[in-house]
Amino acid sequence: MKIGYPCINRTLDCTSNRTFRLKSYSVENLIEKVENNLDCLERILRFNIERDMLFFRISSDLVPFASHEVNDYDWGGHFRDKFKELGDLIKENDIRISMHPDQFIVLNSNKEDVYHRSVDELLYHAEVLDFLGLNNTAKIQLHVGGVYDAKEKSKKRFIDRYQDLDGAIKKRLVIENDEKSYSVKDCLEISEESGVPVLFDYFHHSLKNDGEEFCWILKKVESTWKNRDGIPMVDYSSQMMDEREGRHAESIEKKDFNKFIEISKPYDFDLMLEIKDKEKSAMKVVDLVSDDPRFIPAQI
DNA sequence: TCACGTCAAGCAGAT
DNA sequence: ATCTGCTTGACGTGA
């Protein structure tokens with residue numbers, strides 16, 4: 001079990017999310033921002049290694065407008081050495097990597113152009129992981145998508161389009177249960193038909209479920225990850241107290257977390273903490289699980 | 001230097 | 001019909 005957090009480090013004065021407005025697109029601007037983003041990514045990863053956090057989600061904003069039509073620049077070639085250097089750092093330290101395209105990426109959309117743009121954006125994510133030289137255990141996590149008042153049809157459309165994906169995307173794509181449309185049971189059904197691994201989101205599950213037993217889920221989810229995929233990834237976050245349902249907590253709630261970690265004992269997975277204060281909560285969790293036999297700290 | 005309106009993109013659910 | 005939330009965070013204009 002490796003511990004991680006997504007995209008942003010609030011301790012370091014360095015963000016791998018620098019971007020710019022579409023209006024101000026230029027190759028110079030692109031290069032400047034990507035250079036900053038890759039440098040900050042390296043600083044964040046080194047920060048994490050020193051603190052035994054070996055799981056990290058790379059921001060989708062790493063290369064602004066990467067799949068947009070204005071951008072025909074060969075950023076992969078330009079930054080080839082830097083990508084390789086970063087990839088080596090990741091591999092030498094056994095860091096697990098994920099990426100999470102945001103809400104605009106809808107593979108099963110009922111609009112053709114949304115579908116095609118989504119594939120382009122997925123290809124960009126796969127390219128980043130390929131340029132880093134990472135194996136199949138580095139994953140791209142995606143929600144199933146829209147329902148359009150026709151869930152079975154929409155599931156089918158997802159499966160068909162998944163089968164048609166380029167191998168570079170297919171080997172990395174995993175699906176995640178969301179908080180209002182597709183439960184983990186839906187995801188498992190899609191997985192059964194298509195072979196796509198299922199990433200379990202504990203918090204989404206508490207908001208949208210079909211009453212499945214927690215342990216049953218972990219067992220089923222685990223079986224969707226093959227050897228080449230690595231151990232499962234699990235997302236965890238806790239509800240902000242006294243706030244609208246679905247709000248992420250500002251900081252980790254120890255009680256709820258300890259319950260979760262206790263129940264999950266028979267299973268191993270890498271754990272992503274989606275908590276607002278990012279690395280601070282992840283560091284607390286490293287402390288909480290330090291005696292857990294599953295926990296993997298940094299080597300030296 | 002700072003405040004604040006705005007930003008490529010989709011969808012569901014609330015108002 | 002229109003607005004809000006989702007990882008909301010970061011840009012960039014105007015004062």
Side-chain angles (χ1 to χ4, degrees), chain A residues 4-26 29-30 32-34 36-37 40 44 55-72 98-125 140-151 153-155 157-158 161 176-183 186 199 201-204 207-208 233 235-240 243-252 272-282:
Chain A
Y5 61 95
C7 307
I8 293 169
N9 180 302
R10 292 171 130 171
T11 305
L12 293 170
D13 186 22
C14 202
T15 166
S16 57
N17 301 313
R18 293 287 308 277
T19 182
F20 49 82
R21 296 284 165 261
L22 179 56
K23 277 197 300 203
S24 24
Y25 178 88
S26 69
N29 211 350
L30 179 73
E32 183 195 320
K33 296 301 191 294
V34 175
N36 168 85
N37 292 347
C40 283
I44 293 170
F55 186 19
F56 191 68
R57 183 183 301 164
I58 295 177
S59 168
S60 294
D61 294 332
L62 193 71
V63 182
F65 301 98
S67 73
H68 193 280
E69 59 184 7
V70 299
N71 185 357
D72 57 1
S98 67
M99 294 186 83
H100 192 348
D102 57 9
Q103 63 266 35
F104 310 107
I105 288 45
V106 185
L107 189 61
N108 78 341
S109 175
N110 55 3
K111 301 184 189 72
E112 278 293 304
D113 64 317
V114 174
Y115 164 45
H116 291 301
R117 269 185 284 121
S118 296
V119 172
D120 289 345
E121 182 72 0
L122 287 173
L123 199 57
Y124 148 63
H125 284 77
I140 301 167
Q141 64 188 91
L142 191 67
H143 294 296
V144 177
V147 174
Y148 315 101
D149 287 321
K151 198 165 195 177
K153 253 177 95 175
S154 300
K155 275 185 186 172
R157 198 162 51 236
F158 181 93
R161 288 179 177 174
E176 174 191 355
N177 56 305
D178 65 82
E179 78 278 27
K180 53 186 182 209
S181 300
Y182 292 94
S183 70
D186 293 319
L199 188 155
D201 187 307
Y202 176 76
F203 186 48
H204 289 160
L207 298 168
K208 161 83 183 165
M233 295 174 173
D235 282 0
Y236 177 94
S237 55
S238 31
Q239 169 69 35
M240 185 182 265
E243 273 281 357
R244 182 186 57 76
E245 227 180 41
R247 284 289 296 271
H248 283 191
E250 180 61 32
S251 187
I252 188 100
M272 177 67 59
L273 296 145
E274 297 187 322
I275 315 279
K276 277 198 190 310
D277 65 358
K278 304 284 178 186
E279 76 284 355
K280 286 210 179 71
S281 282

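In what follows, every chain begins at residue 1, and chains take the letters A, B, ... in the order their sequences are listed.
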Peer 1: Side chain of A:Glu121, backbone of A:Pro101: donor and acceptor closer than 3.5 Å?
Peer 2: no

Peer 1: Would you indicate what A:Phe65 reaches in the nucleic acid, counting non-hydrogen atoms under 4.0 angstrom: base, sugar-phosphate, or nothing?
Peer 2: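 Base contact.
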
Peer 1: Can you work out whether A:Ser16 or A:His143 has the more 5'-proximal nearest nucleotide on DNA chain C?
Peer 2: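 Closer to the 5' end of DNA chain C: A:His143.
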
Peer 1: For a quick check of understanding: with a heavy-atom distance under 4.0 Å over all strands, which category does A:Val147 fall into, base, sugar-phosphate or nothing?
Peer 2: sugar-phosphate

Peer 1: CG of A:Leu62 versus P of C:dA10: gap in Å, rounded?
Peer 2: 14 Å

Peer 1: Rounded to whole angstrom, note down the P distance from B:dC11 over to C:dA10.
Peer 2: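 Here B:dC11 and C:dA10 have their P atoms 26 Å from each other.
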
Peer 1: Taking the same atom, P, in C:dG12 and in B:dA9, what whole-Å distance lies between them?
Peer 2: 16 Å

Peer 1: Indicate whether OP1 or OP2 belonging to B:dC11 is found under 4.0 Å from a side-chain N or O atom of A:Ser109.
Peer 2: yes

Peer 1: Could you let me know what C:dT8 is paired to, Watson-Crick or G-U wobble, both distances under 3.5 Å, or none if it's on its own?
Peer 2: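 When the pairing criteria are applied, nothing turns out to pair with C:dT8, so the answer is none.
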
Peer 1: Under a 3.5 Å limit for both distances, which nucleotide forms a Watson-Crick or G-U wobble pair with B:dG13, could you say?
Peer 2: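 The answer is C:dC3, by the H-bond criterion.
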
Peer 1: Roughly, in whole Å, what's the span from OH in A:Tyr115 to C1' in B:dC11?
Peer 2: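 After rounding, the gap between these two atoms is 19 Å.
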
Peer 1: Under a 3.5 Å cut-off for both distances, is C:dG14 Watson-Crick or wobble paired, and to whom?
Peer 2: B:dC2

Peer 1: Backbone N or O of A:Arg157 within a donor-acceptor pair of the A:Asn108 side chain at under 3.5 Å?
Peer 2: no

Peer 1: On a whole-Å scale, what distance lies between the P atoms belonging to B:dC4 and C:dT7?
Peer 2: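 The answer is 27 Å between these two P atoms.
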
Peer 1: Report the distance from atom NZ of A:Lys33 to atom C1' of C:dC11, rounded to the nearest whole Å.
Peer 2: 9 Å

Peer 1: Could you tell me how far C:dG5 sits from B:dG5 if I compare only their P atoms? Round to whole Å.
Peer 2: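 My reading of the P atoms in B:dG5 and C:dG5 gives 16 Å.
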
Peer 1: Under a 4.5 Å cut-off applied to non-hydrogen side-chain atoms, are A:Pro6 and A:Glu274 in contact?
Peer 2: yes

Peer 1: Using the P atoms only, state how far B:dA8 lies from C:dT13, rounded to an integer number of Å.
Peer 2: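 C:dT13 and B:dA8 have their P atoms separated by 12 Å.
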
Peer 1: Give a yes/no on whether any side-chain N or O of A:Lys276 is located under 4.0 angstrom from OP1 or OP2 of C:dT8.
Peer 2: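 Yes, A:Lys276 has a side-chain N/O under 4.0 Å of OP1/OP2 on C:dT8.
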
Peer 1: For A:Asp102 and A:Thr15, find the nucleotide of DNA chain C closest to each by heavy atoms; which residue's nucleotide sits nearer the 5' end?
Peer 2: A:Asp102

Peer 1: Looking only at side-chain atoms of A:Leu22, point me to the closest of B:dA8, B:dG10, C:dG12.
Peer 2: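 Closest of the options to the side chain of A:Leu22: B:dA8.
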
Peer 1: Output, in order, the C-alpha distance, side-chain angles, deciding distance and verdict of salt bridge (charged side-chain N to carboxylate O under 4.0 Å, His left out) for A:Lys208 and A:Asp186.
Peer 2: CA-CA 11 Å; A:Lys208 161 83 183 165; A:Asp186 293 319; 5.2 Å; no

Peer 1: Measure from the side-chain heavy atoms of A:Arg117 and tell me the nearest of B:dA12, B:dA9, C:dC6.
Peer 2: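 The closest nucleotide is B:dA9.
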
Peer 1: Tell me which nucleotide among C:dA10, C:dT7, C:dG12 gets nearest to the side chain of A:Thr19.
Peer 2: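 Given the options C:dA10, C:dT7, C:dG12, the side chain of A:Thr19 is closest to C:dA10.
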
Peer 1: Does a side-chain N or O of A:Asn17 approach OP1 or OP2 of C:dG9 to a distance below 4.0 Å, or not?
Peer 2: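 For A:Asn17, the contact criterion (side-chain N or O under 4.0 Å from OP1 or OP2 of C:dG9) is not met.
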
Peer 1: So, is A:Arg57 near the phosphate of C:dT7, with a side-chain N or O under 4.0 Å from OP1 or OP2?
Peer 2: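 The answer is no; no side-chain N or O of A:Arg57 sits under 4.0 Å from OP1 or OP2.
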
Peer 1: Can you find a pair of side-chain heavy atoms, one from A:Arg10 and one from A:Lys276, that are under 4.5 Å apart?
Peer 2: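 The answer is yes, as the side chains (C-beta and beyond) meet within the 4.5 Å cut-off.
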
Peer 1: If you take the centroid of each ring, where Trp contributes its six-membered ring, are A:Phe56 and A:Tyr5 closer together than 6.0 Å?
Peer 2: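 They qualify: ring centres under 6.0 Å apart.
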
Peer 1: Can you measure A:Asp235 atom CG to C:dC6 atom P for me and round it to whole angstrom units?
Peer 2: 16 Å

Peer 1: If the cut-off is 4.0 Å, is A:Lys23 near the phosphate of C:dG12, judged by side-chain N/O to OP1 or OP2?
Peer 2: no

Peer 1: For the pair made of CZ in A:Phe56 and P in C:dT7, what is the distance, rounded to whole Å?
Peer 2: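 It is 16 Å, rounded to the nearest whole Å.
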
Peer 1: Quantified in whole Å, what is the P atom distance between nucleotide C:dC3 and nucleotide B:dT6?
Peer 2: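 Comparing P positions in C:dC3 and B:dT6 gives a spacing of 12 Å.
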
Peer 1: Atom CG of A:Asn37 to atom P of C:dA10: distance rounded to whole Å?
Peer 2: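 A:Asn37 atom CG is separated from C:dA10 atom P by 10 Å.
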
Peer 1: Quick check on C:dG12: is either OP1 or OP2 less than 4.0 Å from any side-chain nitrogen or oxygen of A:Ser24?
Peer 2: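 Checking A:Ser24 against C:dG12: at least one side-chain N or O falls below 4.0 Å of OP1 or OP2.
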
Peer 1: Among B:dG13, C:dT7, B:dG10, which is the nearest nucleotide to the side chain of A:Gln103?
Peer 2: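 Shortest atom-to-atom distance from the side chain points to B:dG10.
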
Peer 1: When you measure only distances, ignoring hydrogens and angles, does the side chain of A:Arg21 come within 3.5 Å of the base of C:dA10 through a donor and an acceptor?
Peer 2: yes

Peer 1: Going by heavy atoms in the side chains, are A:Ser118 and A:Ile105 under 4.5 Å from each other?
Peer 2: yes

Peer 1: Just compare B:dC11, C:dC11, C:dG9 and give me whichever is closest to any side-chain atom of A:Ile8.
Peer 2: C:dG9

Peer 1: Atom CG of A:Leu273 and atom P of C:dT7: how far apart are they, to the nearest Å?
Peer 2: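 After rounding, the gap between these two atoms is 15 Å.
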
Peer 1: By centroid distance (under 5.5 Å) and plane angle (under 30°), are A:Phe104 and B:dA9 in a stacked arrangement?
Peer 2: yes

Peer 1: Give the rounded distance in Å between these two atoms: CG of A:Asn29 and P of B:dA8.
Peer 2: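 To the nearest whole Å, that distance equals 13 Å.
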
Peer 1: Tell me, do A:Met272 and A:Ser98 make a side-chain contact under 4.5 Å, heavy atoms counted?
Peer 2: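 Sidechains of A:Ser98 and A:Met272: in contact.
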
